[in-house]
Structures are given as structure tokens and as C-alpha cells.
Amino acid sequence: MTKYFTKSAFKMSLECPRKLYYAYDKGIYANQDLDDDFLKSLAEGGFQVGEFAKLCYGIGEENTISTLKTEEAITQTKELFRQENINIAEAAFLYDNMLVRVDVIEKKGNVINLIEVKAKSWNPDKDSFLSKKNINATNSKIRPYLYDVAFQKYVVVQALSKMFPKEHFTIHAFLMMADKTRTATVNGLNQLFKVKTTPEGRSYVETAPEAMEIVASIPLAERVVRPFDVDEICDNIINGEYDEQRDPEFMVGGCLKEHVKRMANDYCNHKKSDCIIGSKCFSCQFHKKTTDSDKMLDGYCECWKEKAGFDPSKAKRALIQDLNGQYIKKDVYIKGLKFFMDELTEDDLKKHSGNLHDGLDHYKKKWLQIGIATQNKEILSDFQSDMVGDVYLDIDGIKKEMQTWQFPLHFIDFETSAVALPFYDKMRPYEQVAFQFSHHRVDRNEDGTYTVGAAASGYEAFNDGNSAQDTETTTFTTTLGLNVEPVKDVFKIRGDFSYKYTNKNTQRYVAPVSYSSKQGIMKDYVAQADSYKREYDYVTKRISANVVGTFTPKLGPNHKLNVVAGWNLEHQTYDVKTILRLGMINPGMTSFEMFDGMVG
């Protein structure tokens, strides 16, 4: 099957040229984008906007090139182009080994409007296609979309000169996006384009029969999705006039023409392009999860083994990629060959300072994370007074904050949806719609007693200091190795055996608390919330064993036999035991569980 350098391949090449090699054959390298539910939901929104765009230009099924066969698609495009005026969806253009399928082509004689449709919001009053800091660079937030259109224009210009050598076409490039300054004038616009799924799991849009008529009735100035002119910017990109094109981490060769030529050849010939490792690698989709097949390869780890000399999946030290928060210069660390948290110093990351009870600022949080991840006692010593195992809990700080709360307390949670095509009229694209919520309330009575909700939620017990928790973790790990060579250079046996035992025991004590089941000061209703002791016992046992034997006898001066046999065993058990004892703690009685009967 012939491979072509498509729009998606071009977009990937700007992220990292090496990704083209990993994406060449599906099923060879693990690809997490294939199972990303968030990306699927974005794609579904894109399907809706795409169908809306087609109706904006009056394109029906007869002018939609739906075939996936490249030659057929190019032939159909060429036939439709013979018409003087026509609008086409999914027109196909091929130049050398570069293939693009344009979302919408509006042909008016020899003037061609190339329209790329995106389910992205855009505010023309506030947003800019160029960087506000550097007018010689494109805005990084919209940059991938601009380069996508520029690539399409470059291919279409070259392809049309081959398809119709005697014709001269003028091509203008547009990005069609959701205009956030406009409001919908049609109620139920989104519902005209329902996303459905085939039995094979492919998504498609079922367009309502009346959709064409409704969309056509909306004046151009009122359509919430509309084209924005990006033609001049695309020409500048094609001609290599923007500063970002000189960045080797963004574009190969310093200009779009050289970049697409080299990337297309590498991709179509399945050649592994060079790459530069950095913090962007941490979001690479070509990494392997434990749920992936053993046969799947890990592109992410391949890059790091090649460029940094180690396999992140086998690293026993904490990686800087796992360091969270702001003000972390991961690219600077990587260029300085610092890949692990224990390599960072105060020169790399500002030291925490001040009283920890004043709260954790950005820097303190990072050093706390580094201390826990590396088990550095010197770092952890600054936080020890508020540490419970590997958990930092500023109890005094929490209590101080809770003392400022005023009753009643309200706990509110809600879910919203934001879509490009509004559900109702007078709504803007991507305006949030709340579709469910929950509201819980905790009261305190006039006489100072707590309500049932305050007692049951644990708020009272924590606020008055009548609860406690203790956690202990025990871990035992042992590994044995085997490496023998019964016949030197011919017969070798390697093996290993590992056993890991982990026991985590948590004991939680809650003393009885006073509450009133009704508002007011009536003593008849005052009761005691039950006390309890709850104990959790988690036990994990993991055994793994591997044995590999190789038999490599020589069969002559230039030949030898290579026989490999192996055996693998992995077994893990996870047991949880929970014990709950009610009424075991009473502040007025001695308790063998607590001795003094109180929890402080």
C-alpha cells in the first residue's frame, strides 16, 4: 500500500519528526491517542462543525468526495473542477508524495477559496494570528492550525499546476472557526447534527433533513462558525518568513518547503528522522502502558535510550518528568543532562524558605515532592513536623482556616458542557451549560451543638480534635539472579527471581461527638454520635521469575545456530481486611483500645 505524507503526518512532523516513524504502521508501536476518550470527544465536535460548514456552502452528498481510495478521489476532484463554479467537500490533491483532502473548496471560475474547518473558538476582537510579543512570529496557540492551512495551500497550488497545466488559479486560504463574538439565532442548532457510532466503532454525523434549509436561512453575518482570512500569513509561512521556522526543534531546514520535502521522504520511505529530546517528550503518545500488548514497542523509551542513555520505564530513580507545578525549567535541566530529581540543586530550583505553617508556596511544594520521591532525609527534615508517613498534612493550618468558616457550610459540585454549535439561541459557541449539580449543607445549631450532617460527615470530629489516624507501612523486597554458562560461548542460562511483600495498616479512631437532631436548644433532642474504630489491612505479595537459555553452536566458519528458549512467571495477590468496631470509645469510660478513653 502506497504511503502519502498527509495533513495528519505534517502536523505530527511539527510536534516531533521521529513520531512519523512510530506512526507508520499501526500496531507496531503503542499509541495512546488511539484510545484517548478526550480526543474522541473533540473529534466528535469537529464532525459536527464539519457538517455545518458543508451546509454553509450548500454542499450535499453529490459534491462530497467520500471515497478513501486515493486515485478515485483525485479523479473525482478533477472531474468536479471542470465546472466553472462549484463547492466541493473533501477534494483530493496530490503533489509528489504529499496528499491533502481539503475540508471545503469554493471554486468561482479560476479563483479558489481553500477552507480548513476547525472546531476551535476564536474571538476576533481579542485574539491575534501573530504573536503579541513578536510580530515576526505566529501566535503559538493558533500556530498548528495556521501551518496546517499553509501546507494545504502549498500542495494544492503545486497539484493544480500539474492537473491543469494550461490554467492559472488564484488560491486564497481561510480558517473556518467558531466566532465567540456571535450568538446563535437558531434554537437547537447542535441537535441538527447528531453524532452516531457504527457497529465497528466509527463515529459519524446524522444530519437532520431540515438542516440544509435552516442553515441556509441564517444570514452570513449571524453564523456562529465562519471563515477567517489567513492567506497572507500562509504565504509568509510558505516563504519561510517567520522566526519560529529557524528553530530546529519546530521545523527542519528553516522553511516549510524544505521541511515537508524531507519529512515526506522520511515518512514514505519509513526512515527514522532525527529528534531532539525535551519536556515535550513527556506528553508523547507513543509510550507503552502496562495494559498494552507485550508485542507493542515503546517509541518514547527508544528515544530516551538513544539520546539520554537510559530507559525511563526501568529507571529506579525519580524522574524530573514527574515533578509537578509552575516555574520548573525542565528543558533547561534536560539540556544540562539532568534527568533525575536527585540531581537538582538550589541553583536549578529556588530553595523553600520561611515558616512552613504559613503554608506551602510553589517552591516548597516542589522540594517536598522531591524529598518524598527521593527519600532525602535532609530535605524532609524541614517538613517532618507535618509529615504522616509520606503524606504532608498541616493540621494546625487546616484548623486555623476552618475557624474562619461561617455556618451554614455549602458543598456544591456541578458538571457542564461546552460545544461549538450552541444548544439554544442567544448562546455563544463554547458557552458552558450546567446539566447536573449536587448541593450538600452542614449546619450548626444556635446552642452551639452540631447537626447530624456535621457529625456524620466527620467535620465536627476533625474540628474539635476528637479523631486520629495512624498508618504504618512495611515493605520487604528480595531479588536473586542466576547467570551460568555450562558450555562457554555456546550454552548460557540467565534467570532472576523477585519477591516483594507490602503490608499497609491504617487505624482510624473517632470519639463520640455531640449533635442535635433538630434546630434549637431543646435538650430532649441532644444525642451522642456513635464512636468507632476502623482498621484497614492491605497486603500485597508479588512473585516474578524469568529464565532464558541460549544455545549458539557454530555450524562452520561463517555460520552458527541460534536457539533461544525462555520461561516467565508473574503472580500477584492483593488482600484487604477491614474491621469496624462501633461504640468502643467513650470519653467517660476507660477503654482498653485507647487506655485513657480520649483521642487527641
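Since this is a predicted model, take the numbers as computed values, not measurements. Residues: numbered from 1 along the sequence shown.
- Two rings, from W122 and F129, have their centers less than 6.0 Å apart.
- A cation-pi arrangement, defined by a distance under 6.0 Å to the six-membered ring centre and an angle within 45 degrees of its axis, is absent between R143 and Y147.
- Taking the six-membered ring for Trp, Y21 and H270 have ring centres closer than 6.0 Å.
- The closest donor-acceptor contact from the side chain of K366 to the backbone of H362 lies under 3.5 Å.
- Taking 4.0 Å as the cut-off between side-chain N and carboxylate O, E258 and K261 do not count as a salt-bridged pair.
- Here the straight-line distance linking atom CG of L14 with atom CE of M251 works out to 5.0 Å at 0.5 Å rounding.
- Counted by atom type alone, Q48 and K194 present zero donor-acceptor pairs between their side chains at under 3.5 Å.
- Between D179 and R182 there is a salt bridge, with a side-chain nitrogen of the basic residue lying less than 4.0 Å from a carboxylate oxygen of the acidic one.
- Between F282 and Y300, the ring planes lie perpendicular to each other; the angle is over 60°, past the 30° to 60° tilted range.
- R262 and D274 are not joined by a salt bridge, as no carboxylate oxygen comes within less than 4.0 angstrom of a charged side-chain nitrogen.
- A salt bridge does not link K180 to D127: none of the charged side-chain nitrogens sits closer than 4.0 Å to a carboxylate oxygen.
- D243 and N134 form a side-chain donor-acceptor contact under 3.5 Å, judged by distance and modelled atom types alone.
- Here the CD atom belonging to Q76 is positioned 5.5 Å from the CD1 atom belonging to I65, to the nearest 0.5 angstrom.
- Residues S273 and D266 have side chains that bring a donor and an acceptor to within less than 3.5 angstrom of each other.
- In the model, E302 has a side-chain atom that pairs as donor or acceptor with a side-chain atom of Y29 under 3.5 Å.
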Which donor-acceptor pairs under 3.5 Å do the side chains of residues 156-168 make with protein atoms, sequence neighbours left out?
unit_1	atom_1	unit_2	atom_2	d
S161	OG	Q158	O	2.6
E167	OE1	N110	ND2	3.2

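- Between V49 and A420, the shortest heavy-atom contact is CG2-CB, 3.6 Å.
- Ionic pairing of E116 and K7 is present here: one or more N-O contacts between side-chain nitrogen and carboxylate oxygen are shorter than 4.0 angstrom.
- To the nearest 0.5 Å, atoms OG (S121) and CZ (R428) are separated by 12.5 Å.
- The local environment of CD1 in I214 is crowded, with over 12 non-hydrogen atoms from other residues, nucleotides or ligands closer than 6.0 Å.
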Passes side chain to side chain donor-acceptor pair (under 3.5 Å), T64 versus S66? Steps please. CA-CA 6 Å; T64 299; S66 56; over 6 Å; no
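- With 3.5 Å as the limit, one finds no donor-acceptor pair spanning the side chains of Y22 and N31.
- Aromatic pair F151/F5: ring centres closer than 6.0 Å.
- Using a cut-off of 4.0 Å between Lys/Arg side-chain N and Asp/Glu carboxylate O, D331 and K280 are scored as not salt-bridged.
- For the 3.5 Å distance criterion, the side chains of D148 and Q152 qualify, holding a donor opposite an acceptor.
- One finds no salt bridge joining E244 and R246 here, because no Lys/Arg side-chain nitrogen approaches an Asp/Glu carboxylate oxygen to under 4.0 Å.
- Closest approach of M296 and A30 over heavy atoms only: SD-N, 3.8 Å.
- Under the 6.0 Å cut-off for aromatic ring centres, F228 and F174 do not qualify, their centroids lying 6.0 Å or more apart.
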